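Okay, so here's the structure we're looking at.
Chain letters run A, B, ... following the sequence lines, proteins first and then strands; every chain starts at 1. Nothing here was measured: the structure is a model prediction, and the numbers come from that model.
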Amino acid sequence: MTFPVCRYDLAATLTSGQAFRWRLSDGAWVGVIGAHWVRLRIENSDLIAESAVPSADWSWLTDYLQLDLDLDEVLQTFPTDEPMQKATSACLGLRLLLQDPWECLASFILSSTKQIVQIRQIIALLCERYGEPLLVPPGQAPLCSFPSPARLASATETDLRGCKMGFRAPYLLATAQQLAEGRLDLPRISRLPVAEARAELIQLPGVGRKIADCVLLFAYGFHSSFPVDVWVMKALRQLYFPHRRVKLARLHRFAATHFGPHAGYAQQYLFHYMRTQNEGGTRPSSPRRGSARKLRLRAED
DNA sequence: TACCAGGAGAGCG
DNA sequence: CGCTCTCATGGT
């Protein structure tokens with residue numbers, strides 16, 4: 001199946017720390033959306049999608065990739081200051097996905113103080129051990145669905161620790177149990193105002209402001225939600241409040257007023273910019289070479 | 001080797 | 001409140 005697309009950077013989008021199961025294989029991106037195995041690539045401003053099972057309705061894909069979103073319309077609402085100009089021009093075509101709430105929630109519970117490569121490894125193990133095998137085309141590597149709350153709720157903390165998630169195991173287990181018991185209905189949250197939706201999510205074990213904001217943005221499409229992690233905090237302080245002590249609460253207030261109605265979208269550009277800009281590094285600190293040390297320390301003051 | 005990673009929660013003054 | 005400490009694991 002092919003879909004016409006304009007300014008859609010698949011690589012940046014699928015590796016920008018919002019989803020963790022995509023991998024590049026023979027020049028195409030292979031992943032799982034719900035119960036669908038899918039393989040994606042872009043050729044001549046066309047998105048080409050191959051699935052394992054023929055489907056008449058591709059809304060599961062177009063919704064996930066947000067193909068109907070007008071990116072230019074979003075970009076026009078961004079502030080025209082220099083940091084945003086640089087962040088957006090550094091990666092034209094970076095998009096936000098619309099993911100499954102449970103998979104997104106569980107993934108970000110597992111994300112705390114982990115690097116993206118390690119988050120990917122934990123989630124791969126979790127799916128391999130607890131997910132359902134999917135139908136994949138002949139010759140393709142086997143792949144599983146993301147395990148349901150009920151499935152994880154039936155595991156033990158020790159089982160989950162076996163997936164290398166460490167102290168996050170009791171959080172994931174307790175949250176899975178609450179959802180499996182029906183104590184919180186994830187689909188219902190999409191109908192709430194963003195502040196109430198956030199309050200509901202934060203009640204779950206292992207879910208604080210940052211993870212709640214990630215789920216609101218990446219799975220519920222609340223574009224006003226602005227997750228502030230170490231990277232974005234660094235970006236905001238460095239670019240907008242240099243040489244000043246600024247607290248997290250103030251950064252949230254600043255973000256809510258400065259970046260417009262699609263602030264969360266702007267956040268993704270800042271996040272990607274910070275991660276790719278400096279020496280293609282995966283670390284916000286710790287210089288690679290001695291010669292860079294002085295410059296870096298000066299810039300970070 | 002020592003330090004650190006897309007945080008959350010508990011304990012402290 | 002606001003700050004600090006701990007939590008588990010793997011990479012550099």
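- No donor-acceptor contact under 3.5 Å links the side chain of A:Gln121 to the base of C:dG11.
- Residues A:Val207 and A:Val215 fail the side-chain proximity criterion, which asks for heavy atoms closer than 4.5 Å.
- Across all non-hydrogen atoms, the minimal contact from A:Leu125 to A:Gly162 is CD1-O, 4.5 Å.
- Counting to the nearest Å, the P atom of C:dG11 and the CD1 atom of A:Ile116 are 16 Å from each other.
- In this view, A:Thr80 satisfies the side chain to side chain donor-acceptor pair (under 3.5 Å) rule with no residue, not counting sequence neighbours.
- Nearest to the side chain of A:Arg161, among C:dG11, C:dA8, B:dG6, sits C:dA8.
- Of all heavy-atom pairs between A:Asp213 and A:Arg198, the closest is OD1-NE, 2.7 Å.
- Summarising the geometry, the separation between CZ on A:Arg275 and C1' on B:dG6 is reported as 8 Å, rounded to the nearest angstrom.
- If you check B:dG6, C:dT9, B:dG7 against the side chain of A:Lys114, the one that comes closest is C:dT9.
- Contact check for A:Thr2 versus A:Leu47: no side-chain heavy atoms found under the 4.5 Å cut-off.
- Taking atom P on both B:dG9 and C:dG10, the two are 23 Å apart, rounded to the nearest angstrom.
- Of the charged side-chain nitrogens involved, none lies within less than 4.0 Å of a carboxylate oxygen, so that A:Arg129 and A:Asp159 do not count as a salt-bridged pair.
- Here B:dG7 presents its C1' atom at 16 Å from CH2 of A:Trp231, a figure rounded to the nearest Å.
- For A:Arg253, there are no side chain to side chain donor-acceptor pair (under 3.5 Å) partners two or more places apart in sequence or in a different chain.
- Across all strands, A:Ser16 comes closer than 4.0 Å to base atoms (heavy-atom distances).
- When the ring-ring contact (aromatic ring centres under 6.0 Å, His included) test is applied to A:Phe167, no partner is found at least two apart in sequence or on another chain.
- Among the heavy atoms of the strands lying under 4.0 Å from A:Phe271 is at least one base atom, whether or not backbone atoms are also near.
- Distance NZ (A:Lys234) to P (B:dG6): 12 Å, rounded to an integer number of Å.
- As rounded to whole Å, 18 Å separates atom C1' of C:dT9 from atom CD1 of A:Ile109.
- Mapping A:Gln118 and A:Ala212 onto DNA chain B by nearest heavy atom places A:Gln118 closer to the 5' end of the strand.
- A:Glu132 has no carboxylate O lying under 4.0 Å from a charged side-chain N of A:Arg151, or vice versa, which leaves the two without a salt bridge.
- In summary, the side chains of A:Asp57 and A:Ser55 do not present any donor paired with an acceptor at a separation below 3.5 Å, with no hydrogens or angles considered.
- Within residues 163-178 of chain A, the residues having any heavy atom under 4.0 Å from DNA chain B are, by residue number, A:Phe167, A:Tyr171.
- Between A:Arg237 atom CZ and B:dG6 atom P the separation is 17 Å, expressed in whole Å.
- Heavy atoms only, all atoms of each residue included: A:Trp102 and A:Pro149 are closest at NE1-CD, 3.4 Å.
- A heavy-atom distance below 4.5 Å is not found between the side chains of A:Leu251 and A:Val232.
- Contacts classified as ring pair (Phe, Tyr, Trp, His ring centres under 6.0 Å) and involving residues 106-126 of chain A (residues at least two apart or in different chains) are given here: A:Phe20-A:Phe108, A:Phe108-A:Phe218.
- Partners of A:Thr113 by side chain to side chain donor-acceptor pair (under 3.5 Å), not counting sequence neighbours, listed by chain and number: A:Arg168.
- Rounded to whole Å, the separation between the C1' atoms of C:dG11 and B:dA8 comes to 23 Å.
- If you take CD1 of A:Ile122 and C1' of C:dG10, they are 9 Å apart, rounded to a whole angstrom.
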- When you look at A:Met233 and A:Leu248, which way does the side-chain contact (heavy atoms from CB on, under 4.5 Å) test go after all the steps? CA-CA 8 Å; A:Met233 188 178 312; A:Leu248 179 61; 3.9 Å; yes
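- A:Phe254 meets the ring-ring contact (aromatic ring centres under 6.0 Å, His included) test with A:Tyr240, A:Phe241, A:His258, A:Phe259; sequence neighbours excluded.
- Taking the C1' atoms as reference points, B:dG6 lies 23 Å from C:dG2, given to the whole Å.
- The stretch residues 193-210 of chain A touches DNA chain B through A:Leu204, A:Pro205, A:Gly206, A:Val207, A:Gly208, A:Arg209, A:Lys210, each having a heavy atom under 4.0 angstrom from the strand.
- Listed in residue order, the members of residues 245-264 of chain A having a heavy atom less than 4.0 Å from DNA chain C come to none.
- By the side chain to side chain contact (heavy atoms under 4.5 Å, CB included) test, A:Ala169 is found to be paired with A:Glu157, A:Leu160, A:Arg161, A:Met165, residues two or more places apart in sequence or in another chain being considered.
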Polar pairs (N or O, both sides) under 3.5 Å between protein and nucleotides 11-13 of chain B?
none

- Note on the structure: For DNA chain B, the expected dot-bracket line (Watson-Crick or G-U under 3.5 Å, [ ] crossing, | inter-strand) is .||||.|||||||
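- Separating the CD atom of A:Glu157 from the P atom of C:dT9 is a distance of 10 Å, rounded to the nearest angstrom.
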